[in-house]
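These numbers come from a predicted model, not from an experiment.
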Amino acid sequence: QVQLVESGGGSVQAGGSLRLSCAGFGYAGSSYCMGWFRQAPGKEREKVATTYIGGGSSFYVDSVKGRFTISQDNAENPLYLQMNFLKPEDTAMYYCALGFAPPWRKGKTIGTMSRDDYNVWGQGTQVTVSS
């Protein structure tokens, strides 16, 4: 059974940085998608940053472009989300997700893959940014 475990959340002041990590267990694919989503209280879960492992393409929601970076060296290493210049509006529960199928198999790009295209989810890690 594939499991994802997030870590690295916390409380920071605006302008600060955090690095989230997502460790995956029980999966060893070569072409798949992973990503970070977030959900603030009273809001829908939002796609933040996603990446096509084996394809080299990534997606960022406009509100985090230039501030967040998603990375994973290979399937044996964690997925990271480096978050710089954090803003209060970044406050949310952050979730790691794994999609077994590469985008082309769904007729999509990494940017058009939705929450429903991801098969495994972690429990989340809380990020709180104070002004």
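Minimum interatomic distance between Pro103 and Thr109 (heavy atoms only, all atoms of both residues): CB-C, 3.7 Å. In plain terms, the two heavy atoms of Gln126 and Ala92 that are nearest each other are NE2-O, 3.4 Å. Residue Ile110 comes nearest to Tyr118 through the heavy atom pair CD1-OH, 3.9 Å, listed as atom of the first residue, atom of the second, then distance. Of all heavy-atom pairs spanning Pro78 and Gln72, the tightest one is O-CG, 3.5 Å. Minimum heavy-atom separation, Ser17 to Gln82: CB-NE2, 4.1 Å. What you find for Gly99 and Tyr32 is that their closest heavy atoms are O-CB, 3.3 Å.
Hydrophobic cluster membership is shared by Val2 and Ile53, with clusters built from Ile, Leu, Val, Met, Phe, Trp and Tyr side chains linked at under 4.5 angstrom. By the criterion of side-chain heavy atoms lying less than 4.5 angstrom apart, applied directly or through intervening Ile, Leu, Val, Met, Phe, Trp or Tyr residues, Phe85 is not grouped with Leu81; the two fall into different hydrophobic clusters. When the side chains of ILVMFWY residues are joined at heavy-atom separations under 4.5 Å, either directly or via intervening members, Tyr27 and Tyr80 end up in two distinct hydrophobic clusters. No single ILVMFWY cluster, assembled from side-chain heavy atoms under 4.5 Å apart, contains both Val5 and Trp121.
More than 12 heavy atoms of other residues, nucleotides or ligands sit less than 6.0 Å from atom CD of Gln39.
The one candidate from Thr51, Thr69, Thr50 that meets the side-chain hydrogen bond (donor to acceptor under 3.5 Å, both in side chains) condition with Ser58 is Thr51.
Contact check for Phe59 versus Thr112: no side-chain heavy atoms found under the 4.5 Å cut-off. Inter-residue side-chain proximity for Leu20 and Arg38 is flagged as unmet; no heavy-atom pair is nearer than 4.5 Å. Annotation: side chain of Leu79 is not in contact with side chain of Leu4 (no heavy-atom distance under 4.5 Å). Within the 4.5 Å cutoff, the side chain of Ser130 has no heavy atoms near those of the Ser11 side chain.
If you take OG on Ser7 and CD on Gln123, they are separated by 13.5 Å, rounding to the nearest 0.5 Å. Note: Lys106 NZ to Phe100 CZ = 11.0 Å, rounded to the nearest 0.5 Å. Within the model, atoms CG of Leu98 and SG of Cys33 stand 8.5 Å from one another, a figure rounded to the nearest 0.5 Å. Rounded to the nearest 0.5 angstrom, Tyr95 OH and Glu46 CD are separated by 13.5 Å. Atom OG in Ser131 sits 10.0 Å away from atom CD in Glu89 (nearest 0.5 Å).
Donor-acceptor pairing under 3.5 Å is recorded for the side chains of Ser31 and Tyr52.
Thr91 contributes a side-chain N or O that, together with a main-chain N or O of Val129, makes up a donor-acceptor pair within less than 3.5 Å. For Lys47 (side chain) and Met113 (main-chain N/O), a donor-acceptor pair under 3.5 Å exists by modelled atom type. The closest donor-acceptor contact from the side chain of Glu6 to the backbone of Cys22 lies at 3.5 Å or more, if one exists at all.
Taking the ring centre of Phe37 as origin, the terminal cationic atom of Arg45 falls outside the region bounded by 6.0 Å and 45° from the ring axis.
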Residue pair Lys87, Asp90: steps toward the salt bridge (Lys or Arg N to Asp or Glu O under 4.0 Å) verdict: CA-CA 5 Å; Lys87 303 176 181 180; Asp90 295 319; over 6 Å; no
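Taking the six-membered ring where the residue is Trp, the centroids of Phe68 and Trp36 are separated by 6.0 Å or more.
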